[in-house]
Amino acid sequence: MPEGHTIHRHARLQRRHLVGKRVAAWSPQGRFADGAARLDGGTVRDIRAVGKHLFYEWGTSDGTATGELLHIHLGLFGKFRTFVDEPPAPTEGTRLALRTIEGEDAAGTTIYLAGATVVDIVSPPEEEAIRGRLGPDPLDRKADPSRFVAAMRRRRLPIGEALLDQKAISGIGNVYRAEMLFRAGLDPDTPAADLTEDQVMGLWDDAVTLLRLGEKSGRIVTVEPADVGRRSRGRLPRDEQRYVYKRHDRPCHRCGTPIVMWTPRSRTIWGCPTCQGLARA
DNA sequence: TACATATGATCAT
DNA sequence: TGATCCTATGTAA
């Protein structure tokens, strides 16, 4: 389930297992055999997440930087599986396997990766080039939201499409864009440039709130508990976790109006005709 | 066995 | 705008 929160969460959890460790690397599927061979037996010095990208800084077996970075982008289907005990055999599509090399009696941690759009080895300048193409990341405490504001001000593009543009803001995906626009009471078809600066900053602040929550919990829960008659966000039934995403024909949690869906640029979006004043409805 | 589906992004036309 | 790439899963046939 890879929007930005998932990527940052993977980085945080994998750091605990991998950083400072020597790891074996191989490619069960074979399509990353050469890359895995270059990484095999080296150490992981750091793992960094930015937007939907992951960078693993590699070192030699004694920890010296090699100038090689494992770069991963999960795309739509990419998945990690982590095993702290003896792992099962990898699935056929497993492109990369990493396993920590521990002492005699420790099993080590094994991580399998399948389905990713990008698995390659890049140099530090290439990492910088990729970062340079990305807008500010709501999960980066040093991010500069004014870059997002500026990007929105100069775009006639509908805000619903602009939010998916990783050059404008990085890490937002199809679930968060729909949910953020509902929470802001905005029609996704509104041209980005028509929003006030306060509205754009409001979207940024909400992205920070929601992605941080998602990074902590590993799930995307966007409803305010009061809207579904609850006291907390814990263990909500599936239909009560979100306001609009995949809730077409279901009643809005705030006003009861049936949620509608449409598909601009082959990315389905959902909205409440009443709460978001949908022009198309 | 087949097909639909998925929280992404790029490239060609 | 449409085709394409990536893989696993659930449902239908």
Side-chain angles (χ1 to χ4, degrees), chain A residues 1-11 27-33 35-36 49-54 70-83 87-97 111-120 122 126 129-135 137-139 157-158 160-183 188 206-207 209-223 236 238-239 241-248 259 261-271:
Chain A
M1 293 112 225
E3 295 194 29
H5 69 298
T6 306
I7 305 309
H8 283 261
R9 184 177 169 86
H10 282 312
S27 177
Q29 177 204 50
R31 288 187 45 190
F32 189 60
V50 54
K52 297 172 187 170
H53 296 257
L54 282 165
L70 170 63
H71 172 220
I72 292 171
H73 189 297
L74 295 181
L76 192 51
F77 322 124
K79 274 181 184 58
F80 284 109
R81 295 197 303 158
T82 300
F83 303 93
T91 57
E92 207 177 318
T94 302
R95 197 167 333 157
L96 174 64
I111 294 176
Y112 292 146
L113 171 65
T117 294
V118 176
V119 184
D120 59 7
V122 299
E126 286 169 321
I130 291 163
R131 287 173 176 274
R133 279 181 242 127
L134 296 172
D137 179 341
L139 287 176
L157 197 67
E161 289 175 35
L163 284 179
L164 290 182
D165 181 355
Q166 303 299 302
K167 296 190 293 300
I169 180 170
S170 60
I172 305 299
N174 209 20
V175 181
Y176 282 123
R177 82 143 162 187
E179 297 296 313
M180 285 166 58
L181 290 170
F182 175 91
R183 286 164 57 94
D206 204 34
T209 300
L210 291 178
L211 294 209
R212 277 188 192 162
L213 203 58
E215 196 276 340
K216 278 202 185 75
S217 67
R219 306 184 322 165
I220 304 181
V221 177
T222 60
V223 290
L236 293 174
R238 183 177 284 291
D239 189 60
Q241 296 177 6
R242 299 163 190 168
Y243 288 107
V244 293
Y245 179 79
K246 280 196 174 166
R247 291 197 68 249
H248 49 286
I259 301 302
M261 63 180 253
W262 66 102
T263 305
R265 294 177 170 249
S266 71
R267 300 289 274 148
T268 300
I269 187 163
W270 292 259

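Within every chain, numbering begins at 1; the chains are lettered A, B, ... in the order of the sequence lines, protein sequences first and strands thereafter.
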K.L.:
Just by modelled atom types, is the A/Ala116 backbone N or O under 3.5 Å from a matching donor or acceptor in the A/Arg95 side chain?
P.N.:
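Pair found, side chain donor or acceptor close to backbone of A/Ala116.
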
K.L.:
Taking the P atom in each of B/dT5 and C/dA13, what is the distance between them to the nearest angstrom?
P.N.:
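So the two P atoms sit 13 Å from each other.
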
K.L.:
Expressed as a whole number of angstroms, how long is the span from A/Glu3:CD to B/dA6:C1'?
P.N.:
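To the nearest whole Å, that distance equals 11 Å.
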
K.L.:
Sub-3.5 Å donor-acceptor pair from the side chain of A/Tyr112 to the main-chain atoms of A/Phe83, do we have one?
P.N.:
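A pair under 3.5 Å: no.
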
K.L.:
When the C1' atoms of C/dA8 and B/dT10 are compared, how many Å lie between them, rounded to an integer?
P.N.:
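After rounding to an integer number of Å, I get 22 Å for this pair.
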
K.L.:
Heavy atoms, side chains only, cut-off 4.5 Å: are A/Thr6 and A/His10 in contact?
P.N.:
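Touching, per the 4.5 Å side-chain cut-off.
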
K.L.:
Find the distance A/Lys167:NZ to B/dT10:C1' and express it as a whole number of Å.
P.N.:
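About 11 Å, once rounded to whole Å.
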
K.L.:
Main chain of A/Ile111, side chain of A/Thr82: is a donor-acceptor contact present, judged purely on distance under 3.5 Å?
P.N.:
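A pair under 3.5 Å: no.
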
K.L.:
With a non-hydrogen cut-off below 4.0 angstrom, is A/Gln29 in contact with a base, only sugar-phosphate, or nothing?
P.N.:
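Answer is sugar-phosphate: A/Gln29 comes under 4.0 Å of backbone atoms only.
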
K.L.:
Please name all residues satisfying side chain to side chain contact (heavy atoms under 4.5 Å, CB included) with A/Val221, sequence neighbours left out, ordered by chain then number.
P.N.:
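Residues passing side chain to side chain contact (heavy atoms under 4.5 Å, CB included) with A/Val221: A/Arg219, A/Val223, A/Arg233, A/Leu236, A/Gln241.
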
K.L.:
Compare the minimum distances between each of B/dA9, B/dT7, C/dT1 and the side chain of A/Gln166, then state the nucleotide with the smallest one.
P.N.:
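Selected nucleotide: B/dA9.
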
K.L.:
When the P atoms of B/dA9 and C/dT9 are compared, how many Å lie between them, rounded to an integer?
P.N.:
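The answer is 22 Å between these two P atoms.
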
K.L.:
For residues A/Leu70 and A/Val119, determine if any side-chain heavy atom of one lies less than 4.5 Å from a side-chain heavy atom of the other.
P.N.:
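Yes. Closest side-chain heavy atoms under 4.5 Å.
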
K.L.:
Below 3.5 Å is the cut-off: list the nitrogen or oxygen pairs between protein and nucleotides 8-10 of chain C, distance only.
P.N.:
{"from": "C/dA8", "atom 1": "OP1", "to": "A/Thr91", "atom 2": "OG1", "distance (Å)": "2.4"}

K.L.:
Could you state the atom-to-atom distance from CZ of A/Arg177 to P of B/dA9 in whole Å?
P.N.:
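My rounded result for the distance is 12 Å.
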
K.L.:
Using whole Å, what does the distance between atom C1' of nucleotide B/dT5 and atom NE2 of A/His248 come to?
P.N.:
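To the nearest whole Å, that distance equals 12 Å.
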
K.L.:
Taking atom P in both B/dA4 and C/dA3, compute the distance separating them and give it to the nearest angstrom.
P.N.:
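Taking atom P in both B/dA4 and C/dA3, they lie 15 Å apart.
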
K.L.:
Kindly express the pairing pattern of DNA chain B in dot-bracket notation, using | wherever a base pairs with another strand and counting only Watson-Crick or G-U pairs under 3.5 Å.
P.N.:
||||||.|||||.

K.L.:
Donor-acceptor check, side chain of A/Arg242 to backbone of A/Ile220, threshold 3.5 angstrom: yes or no?
P.N.:
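Checking the backbone N and O of A/Ile220 against the side chain of A/Arg242, a donor-acceptor pair under 3.5 Å is found.
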
K.L.:
Base, sugar-phosphate, or nothing for A/Arg31, non-hydrogen atoms under 4.0 angstrom?
P.N.:
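Sugar-phosphate contact only.
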
K.L.:
State whether A/Arg95 places a side-chain N or O below 4.0 Å from either non-bridging phosphate oxygen (OP1 or OP2) of C/dT7.
P.N.:
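For C/dT7, OP1 or OP2 has a side-chain N or O of A/Arg95 closer than 4.0 Å.
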
K.L.:
Quick one: A/Tyr245 OH to B/dA6 C1', roughly how many Å, whole number?
P.N.:
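Checked: the OH to C1' distance equals 7 Å.
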
K.L.:
Using atom types as modelled and distance alone, determine if a side-chain donor or acceptor of A/Glu215 lies under 3.5 Å from a backbone N or O of A/Leu139.
P.N.:
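Checking the backbone N and O of A/Leu139 against the side chain of A/Glu215, no donor-acceptor pair under 3.5 Å is found.
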
K.L.:
Nearest-Å distance, CG (A/Leu76) to P (C/dT4)?
P.N.:
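Whole-Å distance recorded here is 17 Å.
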
K.L.:
Which atom pair, heavy atoms only, marks the closest approach of A/Glu161 to A/Arg177?
P.N.:
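For A/Glu161 versus A/Arg177, the nearest heavy atoms are N-NH1, 4.1 Å.
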
K.L.:
Could you give the CG-to-C1' distance, from A/Leu164 to B/dA6, as a whole number of Å?
P.N.:
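Roughly 15 Å, once rounded to whole Å.
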
K.L.:
Between C/dT1 and B/dT7, how many Å separate the two C1' atoms, rounded to a whole number?
P.N.:
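It comes out at 23 Å once rounded to the nearest Å.
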
K.L.:
Could you tell me the separation between the CD1 atom of A/Ile220 and the C1' atom of B/dA6, rounded to a whole number of Å?
P.N.:
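After rounding, the reported distance stands at 12 Å.
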
K.L.:
Checking all strands, does A/Lys246 fall into the base, sugar-phosphate, or nothing category for heavy-atom contacts under 4.0 angstrom?
P.N.:
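Sugar-phosphate contact only - A/Lys246 comes under 4.0 Å of backbone atoms but never of a base.
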
K.L.:
Side-chain N or O of A/His5 versus OP1/OP2 of B/dT7: is the shortest distance under 4.0 Å?
P.N.:
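For B/dT7, OP1/OP2 do not have a side-chain N/O of A/His5 under 4.0 Å.
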
K.L.:
Using modelled atom types only, decide if a donor and an acceptor are shared between the side chain of A/Gln166 and the backbone of A/Ile172 within a distance under 3.5 Å.
P.N.:
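The answer is yes, because a donor-acceptor pair under 3.5 Å joins these two groups.
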
